[in-house]
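Every number for a ligand or one of its atoms is a count from 1 in the order of the listing.
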Amino acid sequence: MDYKVADLSLADFGRREIRLAEHEMPGLMAVREEYSAAKPLRGAKIMGSLHMTIQTAVLIETLVELGADVRWVSCNIFSTQDHAAAAIVVGKDGTAEDPKGVPVFAWKGETLEEYWWCTDQALQWPDGSGPNMILDDGGDATLLVHKGAEYEKAGAVPQATEDDPEEWGIILETLRRTIAEKPGRWTETAAGIKGVTEETTTGVHRLYEMAKAGTLAFPAINVNDSVTKSKFDNKYGCRHSVIDGLNRATDVLIGGKVAVVCGYGDVGKGCAEALKGQGARVIVTEIDPICALQAAMDGFQVTTLDDVVDIADIFVTTTGNFNIISAAQMSRMKHQAIVSNIGHFDNEIDMAGLAKIEGIEKIEIKPQVHEWRFPDGHSIIVLAEGRLMNLGCATGHPSFVMSNSFTNQVIAQIELFTKTEEYPVGVYVLPKHLDEKVARLHLDALGVKLTTLTKEQAAYIGVHVEGPYKPDHYRY
Ligand SMILES: NC(=O)c1ccc[n+]([C@@H]2O[C@H](COP(=O)([O-])OP(=O)(O)OC[C@H]3O[C@@H](n4cnc5c(N)ncnc54)[C@H](O)[C@@H]3O)[C@@H](O)[C@H]2O)c1
Ligand SMILES: Nc1nccc2c1ncn2C[C@@H](O)[C@@H](O)C(=O)O
C-alpha cells in the first residue's frame, strides 16, 4: 500500500480520538448502520481531497464500510492532523509496521509542490487507473483533472506568467511532468469519473463557473448548499472554531477589543456572533446590501475596511473573494493587530504584496503564527500565512457539526455513484427530504423532541405529515 504521512507511530493516538469522534458523529454512524450490509459504494474508487482531520477520518472509514476503495489527500497544506492521517493509513487491523488502512498522502506543513504531488498520487491507483468518483473540498482535485485533460487536448501546457500566483506555476509544472510521464492520462482519468461531490462554497462556485462555460466534464453534487451543511458547518462550525484558532495562535484577550469581520455570509455570521460572544466590538464589512442589512439588524456596525483598518485589533476575512485586505491596508494597522482568514483560499489577504514591501521582516513566533515587522518598527501578526486559520492554527470544526456535513457527503456519493444515469453533466443539490433526513439523524443527540403534524395541519399548510416541510425556495 502506498502512502505518505508524517509519522505512523501517531496512529494509536489518532485511533483513540477517532473512537471519541464516532460518538459525536451520529449521522455518519447511522448511515454506516443503514448501508453497511448493502454496501452501495462497492466498486466506487473515491479520491478524496478534504482536510485530513479526525472528523474526516470517520468519513473515510464510513465510505470504506459502505464498500468504497479510497485514496485521500488534504485540501490545504496546514490542515492535516498527523495523528488522523496515521490512523487512517494503519487502519483498525493494521500496525505501523504492517499498515492495512487507506492510502493517505498528507501531512501538516506541506510545501505547495508537495501538496500537488500528493494530489497527483491520490488520483492514480497502483494499477495505473484513476478514480471513478471525486470527493472534493475547494475543487483542487477537480481542477487538476480538468486542466490536465484540457492541456492534453491542446497538445501543450502553457507557461505561467509573472502575474500568475506562484501556485499556478506549480500546478502547470505538475501537469507538464505527469503528461510527460503518461501521455493521455488525464483525458483517461476525466473519462473514468462518474461524478464529484463538492464540500464548500468556493469549490461550488468553481463548479458553477465550469458548468456555465460548458467545460464541466462530469456531474457534480453541490453538498455545500444542503441546508444541513452550509447553515450548520459554515455558521455554527466557524462560530466554534474561529475562537479556537485565535486562542491557540495568540491567546490574545478578545473581550474589549475591536474585531473586523469581512463578509457576512454563513461563515461571517458565525464568526461575528462568536467574537461578539467573547466581548469584542464587532464591525462588519459587506458588498451585498441584504447581508449588510442583516448585519446592521443583528446589531453590528457595518462600514468599509478603510474606515476602521487603523483602529481594529483583530481582522477575520470570510468572503470567498480575493484581495480583501491589501498590503497597504496592513501597513496602516495598529501594532500587533491580528490578521487572519477563514475563507477557503489564501488569496483573501494579499500575502504576496505584504512580502514585497521594502524592508519588511517576517519573524516566526511559532508554526502558522508570524510577526511581520514594517520598516517603521510596528508589526502585525498574520495567522496560518493567510490560509484558513481554524484548521491551520486549530483543529477545525468539532465532530458533531461535521457529522452534518459528512452525512450529506456520503448520501451524495451514493446518489451519484448508484444513480449516475439520473445525473447528466451539471451541478445538483440533494433533494429536501434527504436534507431533512440528515437533520433528523442529529436530533436525538441534542435531546430534541419534534412535534408531529396532524393530518389536518399538514393539509392546511400543504405538506405531508412526514415532510418535506418547506418549498425548495424557502430560506432557512
Ligand atoms: N474555514 C472553514 O472551516 C470554512 C467552512 C465553510 C466555508 N468556508 C469558506 O469560507 C468562505 C465563505 O463561505 P460562506 O459560505 O460564508 O460564503 P457566502 O457566500 O455565504 O458569504 C461570503 C460573503 O462575503 C461577501 N463578500 C464578497 N466579497 C466581499 C468583499 N470584497 N468585501 C466584503 N464582503 C464580501 C459576500 O457578499 C457574502 O455575503 C468560502 O471560501 C468557503 O469555502 C470555510
Ligand atoms: N474538522 C474538520 N474536518 C474536516 C473539514 C473541516 C473541519 N472543520 C472545518 N472544515 C472545513 C469544512 O467546513 C468544509 O466543509 C468547508 O466548507 O470548508
Side-chain angles (χ1 to χ4, degrees), residues 17 21 24-25 48-60 72 74-76 78-81 84 106 135-139 197-206 222-226 228-242 244-245 260-272 283-295 302-306 315-326 340-348 383-384 387-406 408-409:
E17 288 214 331
E24 276 286 295
M25 302 185 89
S49 172
L50 196 155
H51 309 287
M52 185 59 247
T53 65
I54 288 291
Q55 292 71 37
T56 299
V58 181
L59 167 62
I60 292 168
W72 211 268
S74 189
C75 59
N76 179 279
F78 295 136
S79 62
T80 293
Q81 292 157 23
L135 193 158
D136 218 342
D137 183 338
T197 59
E198 171 55 50
E199 174 80 1
T200 199
T201 316
T202 288
V204 161
H205 173 74
R206 283 176 150 183
N222 161 4
V223 169
N224 184 71
D225 287 311
S226 286
T228 48
K229 193 279 176 179
S230 46
K231 299 303 176 187
F232 292 82
D233 171 323
N234 304 28
K235 181 176 178 183
Y236 302 120
C238 289
R239 184 177 69 178
H240 176 103
S241 59
V242 70
D244 197 8
V260 175
V261 175
C262 301
Y264 201 69
D266 292 324
V267 170
K269 287 178 174 75
C271 292
I283 298 169
V284 167
T285 75
E286 252 294 350
I287 56 155
D288 177 329
I290 295 172
C291 295
L293 189 58
Q294 285 178 314
V302 183
T303 188
T304 64
L305 183 60
D306 274 330
F315 297 83
V316 184
T317 60
T318 77
T319 70
N321 203 338
F322 79 128
N323 287 351
I324 302 303
I325 301 181
S326 69
S340 67
N341 164 57
I342 199 168
H344 185 77
F345 284 127
D346 65 330
N347 54 1
E348 302 213 22
L383 306 191
R387 289 176 167 79
L388 66 189
M389 51 82 95
N390 62 326
L391 284 149
C393 299
T395 57
H397 302 343
S399 302
F400 192 81
V401 75
M402 292 314 300
S403 176
N404 284 270
S405 305
F406 290 165
N408 278 290
Q409 274 288 1

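Not one N or O on the side chain of T303 forms a donor-acceptor pair closer than 3.5 Å with the backbone of V284.
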* Show the numbers, then the answer: is there a side-chain contact (heavy atoms from CB on, under 4.5 Å) between I342 and C271? => CA-CA 9 Å; I342 199 168; C271 292; 3.9 Å; yes

* Criterion side-chain hydrogen bond (donor to acceptor under 3.5 Å, both in side chains) on N224 and S230, from CA distance to verdict -> CA-CA 5 Å; N224 184 71; S230 46; 4.5 Å; no

* I would like to know whether V302 and Y264 meet side-chain contact (heavy atoms from CB on, under 4.5 Å); could you show each step before the answer? => CA-CA 10 Å; V302 183; Y264 201 69; over 6 Å; no

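Nearest protein heavy-atom neighbour of atom 18 (P) of ligand 1: G265 CA, 4.1 Å. Of the protein's non-hydrogen atoms, the one nearest atom 32 (N) of ligand 1 is I287 CG2, 3.7 Å. Shortest contact from atom 9 (C) of ligand 1 to any protein heavy atom: H344 N, 3.6 Å. From the protein, the heavy atom lying nearest to atom 16 (O) of ligand 1 is V267 N, 2.9 Å. Nearest protein heavy-atom neighbour of atom 3 (O) of ligand 1: N390 ND2, 2.9 Å. Closest protein heavy atom to atom 24 (O) of ligand 1: T319 CA, 3.4 Å. Scanning the protein heavy atoms around atom 42 (C) of ligand 1, the nearest turns out to be T200 OG1, 3.5 Å. Protein heavy atom closest to atom 15 (O) of ligand 1, with residue, atom name and distance, is T201 OG1, 2.7 Å.
Counting only N and O atoms by type, the side chains of E348 and T319 include a donor and acceptor under 3.5 Å apart. Side-chain contact annotation: D137 with N76, donor-acceptor N/O pair under 3.5 Å absent. Side-chain atoms of S79 and H51 form a donor-acceptor pair, as typed in the model, at a separation below 3.5 Å. Donor-acceptor pairing under 3.5 Å is recorded for the side chains of S241 and H397.
Residues meeting the side chain to side chain contact (heavy atoms under 4.5 Å, CB included) test with S226, sequence neighbours left out: T228, K229, N408, L430, D435. With sequence neighbours left out, the side chain to side chain contact (heavy atoms under 4.5 Å, CB included) criterion links T197 to L135, I221, V223, Q409, A412, Q413, L416. Listed by chain and residue number, nothing satisfies the side-chain hydrogen bond (donor to acceptor under 3.5 Å, both in side chains) test with K235 (two or more places apart in sequence, or in another chain).
Those atoms of ligand 1 that come under 4.0 Å of a heavy atom in D288, given as number and element, are 37 (O). Atoms of ligand 1 found under 4.0 Å from any heavy atom of H397, numbered from 1 in the order shown, are 3 (O), 5 (C).
Considering backbone and side-chain atoms together, I342 places an N or O closer than 3.5 Å to an N or O of ligand 1. For ligand 1, the polar-atom distance check finds no N/O of D233 at less than 3.5 Å from any of the ligand's N/O atoms. Note: no N/O pair closer than 3.5 Å links Y264 and ligand 1 by distance alone. Of the polar atoms of D266, at least one N or O is found under 3.5 Å from an N or O of ligand 1, judged by distance alone.
In this comparison of E286, M389, R387, E348, the heavy atom closest to atom 39 (O) of ligand 1 sits on E286. Here the shortest heavy-atom distance to atom 6 (C) of ligand 1, taken over N341, N234, D225, N224, belongs to N234. Closest heavy-atom approach to atom 41 (O) of ligand 1 within the set V401, T317, T202: this belongs to T202.
The residues lining ligand 2, counting any heavy atom closer than 4.0 Å, are L50, H51, T53, Q55, T56, D137, E199, T200, K229, D233, L391, T395, G396, H397, M402, F406.
D233 has its side chain within reach of E199: a pair of non-hydrogen atoms, C-beta onward, lies under 4.5 Å apart.
Not close to ligand 1: G396, with no non-hydrogen atom less than 4.0 angstrom away.
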